[in-house]
Asker: 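The structure's right below; bear with me while I get my questions together.
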Amino acid sequence: MFQTTNVELIDKLFIYFLVVAGIIFLLVVFFVFYYLFKYRRKQTAEEPEQIHGNEKLEYSLTAVAILITGIFTYLTIDTMRKVQDIPDNPEPFVQIIGHQWWWEAQYPETGVITANEIHIPVGKKVLVQLNSDDVIHSWWVAQLGRKMDMIPGITNYVWLYADKPGEYLGTCSEFCGAQHAGMRIRVIADEERAFNSWSQQQLEPVAQLDDPLFKKGEKLFEEKTCTNCHAINGTPFTMKVGPNLTHFASRKHFLGDLKVNNEENLRAWLHDPQNVKPGAKMPNFIFSDQEVDALVEYINNLK
Amino acid sequence: MSLFINIPEDSEQLPSLKTGQGKLLWIASVDHKQIGIMYLWLALFFFVVGGLEAMLIRAQLAIPENTLISPELYNQIFTMHGITMIFLVAMPALVGFATYFLPLMIGANEMAFPRLNAFGFWITLMGGFLMYFSFFAGGAPNAGWFNYVPLSENNYSSAPGVDYYIIGLILTGIGSISAALNFITTTLTLRSPDIKLNMVPLFVWMVFINGFLILAAFPLLNAGLFMLLIDRQFDAHFFIPSSGGSAILWQHFFWAFGHPEVYIMALPAFGIISEVVPVFSRKPIFGYKFVAVSSIAIALLAYSVWLHHMFAVGYSNTVNSFFAISSMLIGIPTGLKVINWIGTMYKGSIQLTVPMLFVVAFLIDFTIGGLSGVSFAIVPIDWQLTDTYYLVAHLHYVFVGGVIFSIFAGLYYWFPKMSGRMLSAKLGKWHFWLFVIGFNLTFLIQHILGIIGMPRRIYTYPDLPNWELMNVLSSIGAVFMFAGMVILFWNLYTTLKKPRSAPEDPWDAWTLEWHTPSPPDLKNFGEIPRVYSRRPLWDLKHPDKPDKRLN
Ligand SMILES: [Cu+2]
């Protein structure tokens with residue numbers, strides 16, 4: 001059965017608004033310029049007739065205004081109830097948590113935990129639970145649904161719906177500090193099968209290689225206290241100050257969708273996070289090139 | 001008969017620059033005209049500062065991924081730009097006009113509380129300087145003019161900028177409250193005995209109603225500010241959710257002040273428009289009663305709409321519906337006013353002087369701002385477009401297209417009265433065209449930027465299709481506005497160097513301020529003419545066809 005999506009409902013309402021507002025605006029422009037021209041000061045200027053008003057006109061215009069307001073009130077409430085209909089006992093498909101300045105995602109059904117690149121299945125309305133770990137953020141992917149704030153201490157829900165597979169861009173929409181601009185969103189809508197295999201792959205245990213450089217990186221990762229902030233599934237390290245890195249290399253973008261995930265960008269990030277994303281809550285470790293080599297080898301193999 | 005005791009005029013002479021030569025009189029003066037002018041200078045000074053901040057913002061945003069300004073500095077600049085334009089430009093400019101003209105328009109010689117008047121000015125200035133001092137004391141406020149918690153709490157903003165914000169705004173808030181007390185009391189008690197309350201010029205009426213708005217709104221802000229100060233300085237938890245506070249409470253305080261604040265700026269601006277349109281259309285205002293009563297409606301409704309700033313917070317449909325309805329309703333009295341102003345032009349004899357040009361630009365651009373405002377009352381549209389550049393465009397159409405254009409209209413209109421000199425009309429037209437074209441170039445396109453997804457308050461943006469083009473155009477517009485402002489300053493400078501030559505009543509106007517020399521003497525009125533209607537000078541000039549007598 002054909003169903004209008006939330007985004008289409010809102011778009012339709014916006015078009016209605018634009019038409020009515022456009023007409024009102026054109027009327028104002030017309031009368032202002034018509035009067036300016038028609039009643040411009042003539043040379044032999046005598047004072048014009050002193051008209052003090054016209055109550056009938058004002059009352060009738062007020063009535064028209066109230067009528068228009070009434071119509072839009074109805075449309076507003078009707079659309080609002082369709083778009084924001086959260087069930088009483090919401091069972092979210094995914095929980096997204098805003099952090100300064102990245103996104104954490106947890107899928108309760110499968111247990112997948114990831115960051116920044118958020119996958120959803122296509123053609124299905126998914127309920128998303130929104131929380132914040134620090135300050136107020138706001139979740140907004142215009143093509144998938146409405147905007148909703150993520151507020152510490154409060155749980156909000158929002159519906160997302162993607163009708164076509166693909167990547168949808170969005171952005172944090174509540175000012176949240178130095179890197180508010182760097183808190184962009186990428187949602188990837190997959191066909192059912194692709195989504196399932198993505199989930200499977202995210203549930204794989206963390207990669208293990210025998211490559212000595214990889215081993216060195218792994219060791220550095222622990223020694224240099226990366227584990228104080230980053231979690232790796234299946235290890236004792238579960239901190240969530242920074243993104244979960246278990247399958248970091250499976251993501252095409254990183255840092256809240258700020259950068260493409262390639263070796264060059266990763267190197268730059270490890271060399272000096274503050275240069276790549278000024279203000280980001282990760283310190284500069286002042287690594288030697290060899291150490292960065294090892295860490296990159298390690299992290300880039302966390303597929 | 002009178003509900004209020006008439007305050008006797010001071011018998012001793014109050015200090016004023018006109019009574020002596022001492023430099024200290026600049027500070028000691030309690031002359032309402034002097035203070036009004038000082039308010040205007042204050043506004044002008046901060047307009048330069050806030051304008052330069054805006055230019056920096058537009059320079060940074062002209063191209064994607066620009067590194068001209070660091071995010072830390074950018075956040076300070078956009079925060080200070082907002083605070084400056086609202087609290088240190090628009091408010092003082094409007095308060096300045098009101099301080100100067102309210103007594104003159106009702107046949108009074110002073111404000112009801114001259115010393116409080118001076119206090120209000122100085123404390124506002126103090127608040128402004130204090131906020132700017134933060135730049136030298138470890139960084140300016142950087143959590144936005146709305147200063148949302150918990151971002152503005154110690155955990156996330158440990159620099160003292162936010163403390164400067166809090167104390168600075170508490171001070172300017174006290175200043176605004178003093179001014180409001182004075183406007184209300186002066187209007188109630190110092191009107192010339194002929195003038196009944198339904199005969200005062202509409203500017204006076206708007207400032208009067210506005211006084212009540214200020215008296216109810218600013219204490220809310222100051223209460224919230226004090227709570228935040230206690231949180232930050234004494235480790236309380238009003239707004240800290242992790243230890244039992246609420247992250248939303250601050251938003252309620254702030255917007256319960258913040259939305260009335262919009263009308264606190266808009267009402268006096270509407271008052272100026274309601275003075276200028278009639279004079280240059282050569283007709284009385286169309287529907288005095290409607291303009292006056294609709295202002296009361298606006299003032300009351302202004303208190304029941306604040307949640308429309310918070311539609312994305314996640315309140316239930318019931319709560320949102322209430323605020324959607326009230327927000328749409330407030331559009332009606334505002335829209336009616338536009339009709340009244342256009343009705344005033346109908347069958348008039350319109351002179352396109354510089355003040356009238358600004359009124360025309362106001363009518364068009366404020367209508368845009370008002371209509372886009374209604375789209376935020378339509379909750380689902382708000383859910384998509386709030387906190388985007390569409391909102392930035394909307395608020396600038398209201399604040400610049402509405403308030404600042406009115407202030408310019410008032411400036412060109414009243415400048416001869418205040419200074420005894422006419423501003424050059426030729427330069428005024430240059431200022432007008434550059435500023436108005438630049439303004440529309442800068443902000444019209446931002447509606448589209450918002451619709452295609454650009455959020456506000458970002459120090460830079462990725463290179464997405466069309467974003468750069470639109471941002472460049474927007475920045476070019478800002479250059480035009482800047483050029484317009486340079487011309488205004490040149491106009492002020494050259495005009496003020498000329499000798500005084502303005503006649504008493506250069507525009508052939510009808511309200512009492514034009515019945516005094518330009519500029520008025522220390523004592524405004526030697527003798528006040530008898531007043532029988534809303535346009536005393538019309539009656540004097542046209543004894544054969546006076547307005548209907550109202551007293
Ligand atoms: Cu954010």
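Labels below follow one simple rule: chain letters A, B, ... track the order of the sequence lines, proteins then strands, and each chain is numbered from 1.
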Asker: Below 30° counts as parallel, above 60° as perpendicular, anything between as tilted: where do the rings of A:F175 and B:F78 land?
Answerer: perpendicular

Asker: Could you tell me if B:W538 and A:Q50 have a donor-acceptor pair between their side chains, going purely by distance under 3.5 Å?
Answerer: no

Asker: Test your reading of the model: is there a side-chain donor-acceptor pair from B:N317 to the backbone of A:I77, 3.5 Å cut-off?
Answerer: no

Asker: Would you mind checking which part of B:S372 comes under 4.5 Å of any heavy atom in chain A, side chain (CB onward), backbone (N, CA, C, O), both or neither?
Answerer: backbone

Asker: Taking it one step at a time, do A:Q84 and B:V379 satisfy side chain to side chain contact (heavy atoms under 4.5 Å, CB included)?
Answerer: CA-CA 11 Å; A:Q84 178 169 294; B:V379 184; over 6 Å; no

Asker: So B:R282 and A:R41, do their side chains get closer than 4.5 Å, heavy atoms only?
Answerer: yes

Asker: Check whether B:T386 gets within reach of chain A through its side chain, its backbone, both or neither, counting any heavy atom under 4.5 Å.
Answerer: both

Asker: Report which part of A:Y59 has an atom under 4.5 Å of a heavy atom belonging to chain B: side chain, backbone, both, or neither.
Answerer: both

Asker: Between A:Y157 and chain B, which part of the residue has a heavy atom less than 4.5 Å away: side chain, backbone, both or neither?
Answerer: neither

Asker: Is it the backbone or the side chain of B:Y346 that comes under 4.5 Å from a heavy atom of chain A, or both, or neither?
Answerer: both

Asker: Which one of B:Y461, B:F311, B:W341, B:Y390 has the most heavy-atom pairs closer than 4.5 Å to chain A?
Answerer: B:Y390

Asker: So, do A:F14 and B:I378 sit near enough that their side-chain heavy atoms are less than 4.5 Å apart?
Answerer: no

Asker: I'd like to verify something: which residue of B:I339, B:I342, B:N142 has the highest number of heavy-atom pairs under 4.5 Å with chain A?
Answerer: B:I342

Asker: Any side-chain heavy atom of B:P150 within less than 4.5 Å of one from A:P152?
Answerer: yes

Asker: Could you tell me the separation between the CH2 atom of B:W383 and the NZ atom of A:K147, rounded to the nearest 0.5 Å?
Answerer: 12.5 Å

Asker: What part of A:I154 lies closer than 4.5 angstrom to a heavy atom of chain B: side chain, backbone, both or neither?
Answerer: side chain

Asker: Between A:I151 and chain B, which part of the residue has a heavy atom less than 4.5 Å away: side chain, backbone, both or neither?
Answerer: side chain

Asker: Non-hydrogen atoms of chain A under 4.5 Å away: do they reach the side chain of B:Y74, the backbone, both or neither?
Answerer: neither

Asker: I'd like to verify something: which residue of A:S132, A:S173, A:G145, A:S138 has the highest number of heavy-atom pairs under 4.5 Å with chain B?
Answerer: A:S173

Asker: Under a 4.5 Å heavy-atom cut-off, does chain A meet the side chain of B:E65, its backbone, both or neither?
Answerer: neither

Asker: Below 4.5 Å, heavy-atom pairs only: which of B:T67, B:I332, B:I325 has the largest tally toward chain A?
Answerer: B:I332

Asker: With rounding to the nearest 0.5 Å, note down the distance linking OG1 in B:T318 to CE in A:M80.
Answerer: 7.5 Å

Asker: Could you check if a side-chain atom of B:M454 sits within less than 4.5 angstrom of a side-chain atom of A:T171, using non-hydrogen atoms only?
Answerer: no

Asker: Taking it one step at a time, do A:F17 and B:F376 satisfy ring pair (Phe, Tyr, Trp, His ring centres under 6.0 Å)?
Answerer: CA-CA 11 Å; A:F17 160 77; B:F376 289 107; 9.0 Å; no

Asker: May I ask you to decide if B:Y148's main-chain N or O and A:E174's side chain share a donor-acceptor pair within less than 3.5 Å?
Answerer: no

Asker: Might you work through the side chain to side chain contact (heavy atoms under 4.5 Å, CB included) test for B:D382 and A:R146, ending with a clear yes or no?
Answerer: CA-CA 9 Å; B:D382 178 284; A:R146 58 165 289 190; over 6 Å; no

Asker: Using non-hydrogen atoms and a 4.5 Å limit, figure out which bit of A:L18 sits close to chain B: side chain, backbone, both or neither.
Answerer: neither

Asker: What do the steps show when you test A:I68 against B:M328 for side chain to side chain contact (heavy atoms under 4.5 Å, CB included), and what is the final call?
Answerer: CA-CA 10 Å; A:I68 298 176; B:M328 281 190 220; over 6 Å; no

Asker: Tell me, side chain or backbone of B:S316 under 4.5 Å from chain A's heavy atoms, or both, or neither?
Answerer: backbone

Asker: Measure the shortest side-chain to side-chain distance between A:F72 and B:V374 over non-hydrogen atoms and say whether it is less than 4.5 angstrom.
Answerer: no

Asker: Is it the backbone or the side chain of B:I285 that comes under 4.5 Å from a heavy atom of chain A, or both, or neither?
Answerer: backbone

Asker: Indicate the atoms forming the closest heavy-atom contact of B:Y156 with A:D133, along with that distance.
Answerer: OH-O, 4.4 Å

Asker: Using salt bridge (Lys or Arg N to Asp or Glu O under 4.0 Å) as the criterion, list what pairs up with A:K12, not counting sequence neighbours.
Answerer: none

Asker: What part of B:R534 gets closer than 4.5 Å to chain A, counting heavy atoms only: side chain, backbone, both or neither?
Answerer: neither

Asker: Calculate, to the nearest 0.5 Å, the distance between atoms CG and CG belonging to A:D149 and B:D387 respectively.
Answerer: 7.5 Å

Asker: Is there side-chain contact between A:I136 and B:Q251, with heavy atoms separated by less than 4.5 Å?
Answerer: yes

Asker: With a 4.5 angstrom heavy-atom cut-off, which part of B:Q384 approaches chain A: side chain, backbone, both or neither?
Answerer: both

Asker: Would you call A:P278 and B:P71 a side-chain contact if the rule is heavy atoms closer than 4.5 Å?
Answerer: yes

Asker: For B:N320, which atoms come within 4.5 Å of any heavy atom of chain A: side chain, backbone, both, or neither?
Answerer: both

Asker: Could you measure the distance from the CD1 atom of B:I381 to the CG atom of A:L13? Nearest 0.5 Å is fine.
Answerer: 4.5 Å

Asker: Rounded to the nearest 0.5 Å, what's the gap from CZ on B:R457 to SG on A:C176? Could you check?
Answerer: 11.0 Å

Asker: Under a 4.5 Å heavy-atom cutoff, which of B:A312, B:G335, B:A377 has the most pairs with chain A?
Answerer: B:A312

Asker: Is chain A contacted by the side chain of B:S375, its backbone, both, or neither, given a heavy-atom distance below 4.5 Å?
Answerer: both

Asker: Under a 4.5 Å cut-off applied to non-hydrogen side-chain atoms, are A:H52 and B:F286 in contact?
Answerer: no

Asker: By a 4.5 Å heavy-atom criterion (distance strictly below it), what part of A:Q100 contacts chain B: side chain, backbone, both, or neither?
Answerer: side chain

Asker: Let me know if B:L464 has heavy atoms under 4.5 Å from chain A in its side chain, its backbone, both or neither.
Answerer: side chain

Asker: Could you check which of A:Y34, A:F31, A:W140 has the highest count of heavy-atom pairs closer than 4.5 Å to chain B?
Answerer: A:W140

Asker: For the OH atom of A:Y39 and the CE atom of B:M345, what is their distance to the nearest 0.5 Å?
Answerer: 10.5 Å

Asker: Let me know if B:P462 has heavy atoms under 4.5 Å from chain A in its side chain, its backbone, both or neither.
Answerer: side chain

Asker: Let's go through B:Y459 and A:Q179 carefully: what are the C-alpha distance in whole Å and the side-chain angles of both, what is the deciding distance for side chain to side chain donor-acceptor pair (under 3.5 Å) to 0.1 Å, and is it a yes or a no?
Answerer: CA-CA 8 Å; B:Y459 79 100; A:Q179 274 298 340; 3.1 Å; yes

Asker: Checking A:N54 against chain B: side chain, backbone, both or neither under 4.5 Å from a heavy atom?
Answerer: both

Asker: Please look at A:T73 and chain B and tell me whether the side chain, the backbone, both or neither of the residue comes under 4.5 angstrom of a heavy atom of that chain.
Answerer: both

Asker: Is it true that A:E55 and B:K289 have a side-chain N and a carboxylate O under 4.0 angstrom from each other?
Answerer: yes

